There are 2 protein chains.
Amino acid sequence: MYQATTAEENYLKAIFKIAEKEKKSVSTNSLARALQTSPASITDMIKKMADKNLLNYEKYKGVTLTIDGNKIATELIRRHRLWEVFLVEKLRFAWHQVHEIAEELEHIGSPELITRLDAFLDYPKFDPHGDPIPNAEGRFTIRTQLPLGDLGKNIESVLLGVKEHSTPFLEYLHDLNIKIGTNILIKERTEYDHSLSILVDKKREISISQQVAQNLLVKRV
Amino acid sequence: MYQATTAEENYLKAIFKIAEKEKKSVSTNSLARALQTSPASITDMIKKMADKNLLNYEKYKGVTLTIDGNKIATELIRRHRLWEVFLVEKLRFAWHQVHEIAEELEHIGSPELITRLDAFLDYPKFDPHGDPIPNAEGRFTIRTQLPLGDLGKNIESVLLGVKEHSTPFLEYLHDLNIKIGTNILIKERTEYDHSLSILVDKKREISISQQVAQNLLVKRV
DNA sequence: AAATATTTTTAAGCTTGTCTAAAAATAATT
DNA sequence: AATTATTTTTAGACAAGCTTAAAAATATTT
């Protein structure tokens, strides 16, 4: 398998993530936005990467990942999420502090390192934000989860993950002591602004906006 | 403090290590050898690094580290050795498998990461090869140690470290189950080839060459 | 001290990954 | 369908870090 450069790896991961949301092929512009570079650079780079069989590229039509490209992207996500588990579980970082560091750690190539890290962490299936960690074969664990906002009143649930990953959002939840596994129940819905009054861990009652409610992914218990 | 690139970091570390052995300033050629690049590239790079106040450089006179350069180099050695402890103690790598991986890990910049890693590992003072780990202020722990070969007959000692760090040498010791803390005692010296018959952990008697004996650093017990 | 060998530097150029400005293609509007 | 707006590509250029070949400086021998 071709050993991609760090820059190529970042392209592959960005393409994977954009393709995950939008179904169609990934446009030059959306990639430029995601990678904080100019569209011209993107065109340049994706041409080279297509030549290396990492991408399918047709002029003016955007790109998709090849089998090879997908494999590398998945491996990167695996590494990133395993390192995030390490940083939170072992080094006691808060969940909003780990993304940047994992962005660097994920580029370290040794397969043996990841195999051993995985074992050391006891083969976690989800990262600190509730995102699934692909296994060594690249398979993701699927589970049903829904936005808290979709739940009815007085239905008990636990937090499985978050849809939004921004530092401010994660910090906001951290300050409210809401984390993976937290028990949540909707007590009241305000009609005019759709904000919710929720019972957290069967003790504290707090108010959250609809936006927050849509970004909390839960399962009924 | 200036954030050095990975290439610059490698230069600084190489200069630090060469300067450690040879007292004088570090020559272009020795650096080229250490970094596996051409002397021309070295000249190019050290000129730029001198402009950035990382090195003291005078044409045809070699380089020395500035205060800034020394600080970065020491920090790199700190990171490298802490990661090696992690790889051996936590991930159960053998001591000859960790150098390459630590070479990559050491370039990850987050100070918070290293602070927490250090705490997680319980503030180790030496790495898996017995080399001292500089503390956060850059200070190395000094201790007296001498080559096994310098010891007299029937004097008990324990292995503190190794002078040579090559993979074959480390593997050789690994296969003999000789490691940091192993108890060693010289039973016999062969006159004509200076090889030694040693008692390992008070149980096994084996023969080692003079060269091996000079690369084992011990203290009397 | 002169000749030779070695080391270091200069010069010119290459690759990777980026940029800006302008041209071309595609999409959206009227 | 024609015009306008947006997106994408091309063209030319640049910094970092490397290369080889040749020139200059230093070190070593005789």
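From a predicted model like this one, the values you see are computed outputs, not experimental measurements. Each chain gets a letter, A, B and so on, in the order the sequences are listed, and its residues count up from 1. Computation of the quantities below employed the complete heavy-atom set of this structure, encompassing side-chain atoms and omitting hydrogens, waters and symmetry-equivalent molecules.
Put simply, the side chain of B:Leu113 reaches to within 4.5 Å of the side chain of A:Leu87, judged on heavy atoms.
Note on A:Thr28: only backbone sugar-phosphate atoms sit closer than 4.0 angstrom, heavy atoms only; bases stay farther off.
Each end of the helix from C:dA1-D:dT30 to C:dT30-D:dA1 gets its own axis, taken as the rotation carrying the C1' atoms of four end pairs onto the next four within a five-pair window, and the two axes meet at 0° to the nearest 10 degrees.
Remark: the A:Ser195 side chain and the A:Thr190 side chain contain an N/O donor-acceptor pair separated by less than 3.5 Å. With hydrogens and angles left out, the side-chain atoms of A:Asn56 and A:Thr66 include no donor and acceptor closer than 3.5 Å.
Regarding B:Leu35, its CG atom lies at a distance of 12 Å from the P atom of D:dG17, rounded to whole Å. One interatomic measurement links the two molecules: NZ of A:Lys24 to P of D:dT7, which rounds to 12 Å at whole-angstrom precision. Distance A:Lys52 NZ to C:dG17 P: 6 Å, rounded to the nearest Å. Note: CD1 (A:Ile42) to P (C:dT18) measures 8 Å, nearest angstrom. Between A:Asp51 atom CG and C:dT16 atom C1' there is a gap of 14 Å when expressed in whole angstrom units. In this structure, B:Lys59 places its NZ atom 12 Å from C1' of D:dA23, rounding to the nearest Å. Here C:dT6 presents its P atom at 13 Å from CZ of B:Arg33, a figure rounded to the nearest Å. As rounded to whole Å, 7 Å separates atom P of C:dT16 from atom NZ of A:Lys48.
The OG atom of B:Ser27 sits 10.5 Å away from atom CD1 of B:Ile15, with the distance rounded to the nearest 0.5 Å.
In this pair, A:Phe86 and B:Phe120 present their aromatic rings perpendicular. The plane angle is above 60°, beyond the 30 to 60° band. Using a 30° and 60° split on the angle between ring planes, A:Phe140 and A:Phe16 fall in the parallel class, below 30°. Taking the six-membered ring for Trp and thresholds of 30 and 60 degrees, A:His80 and A:His99 have ring planes inclined between 30 and 60 degrees apart.
Scanning residues 5-23 of chain A for heavy-atom distances under 4.0 Å to DNA chain C yields A:Thr5, A:Ala7, A:Tyr11.
Contact check on A:Asp68 versus A:Lys52 returns no salt bridge, with no Lys/Arg side-chain nitrogen under 4.0 Å from an Asp/Glu carboxylate oxygen. Between A:Arg116 and A:Glu112 there is a salt bridge, since a side-chain N of the basic residue sits under 4.0 Å from a carboxylate O of the acidic one.
Toward the 5′ end of DNA chain C lies the nearest nucleotide of A:Pro39, the other residue of the pair A:Tyr60 and A:Pro39 mapping further downstream.
Close to C:dT10, at under 4.0 Å from its OP1 or OP2, lies a side-chain N or O of B:Lys47. Residue A:Tyr57 places at least one side-chain N or O closer than 4.0 Å to OP1 or OP2 of D:dT9. At the phosphate of D:dT9, OP1 or OP2 sits under 4.0 Å from a side-chain N or O atom of A:Thr43. Neither OP1 nor OP2 of C:dT8 sits under 4.0 Å from any side-chain N or O of B:Lys61. For C:dT6, the OP1/OP2 oxygens have no side-chain nitrogen or oxygen of B:Asn29 closer than 4.0 Å. Distances shorter than 4.0 Å separate none of the side-chain N or O atoms of A:Thr37 from OP1 or OP2 on C:dT18. Residue A:Ser38 places at least one side-chain N or O under 4.0 Å from the OP1 or OP2 atom of C:dC19.
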Which pairs of donor and acceptor atoms, one on a side chain in residues 167-175 of chain A, lie under 3.5 Å apart (sequence neighbours left out)?
none

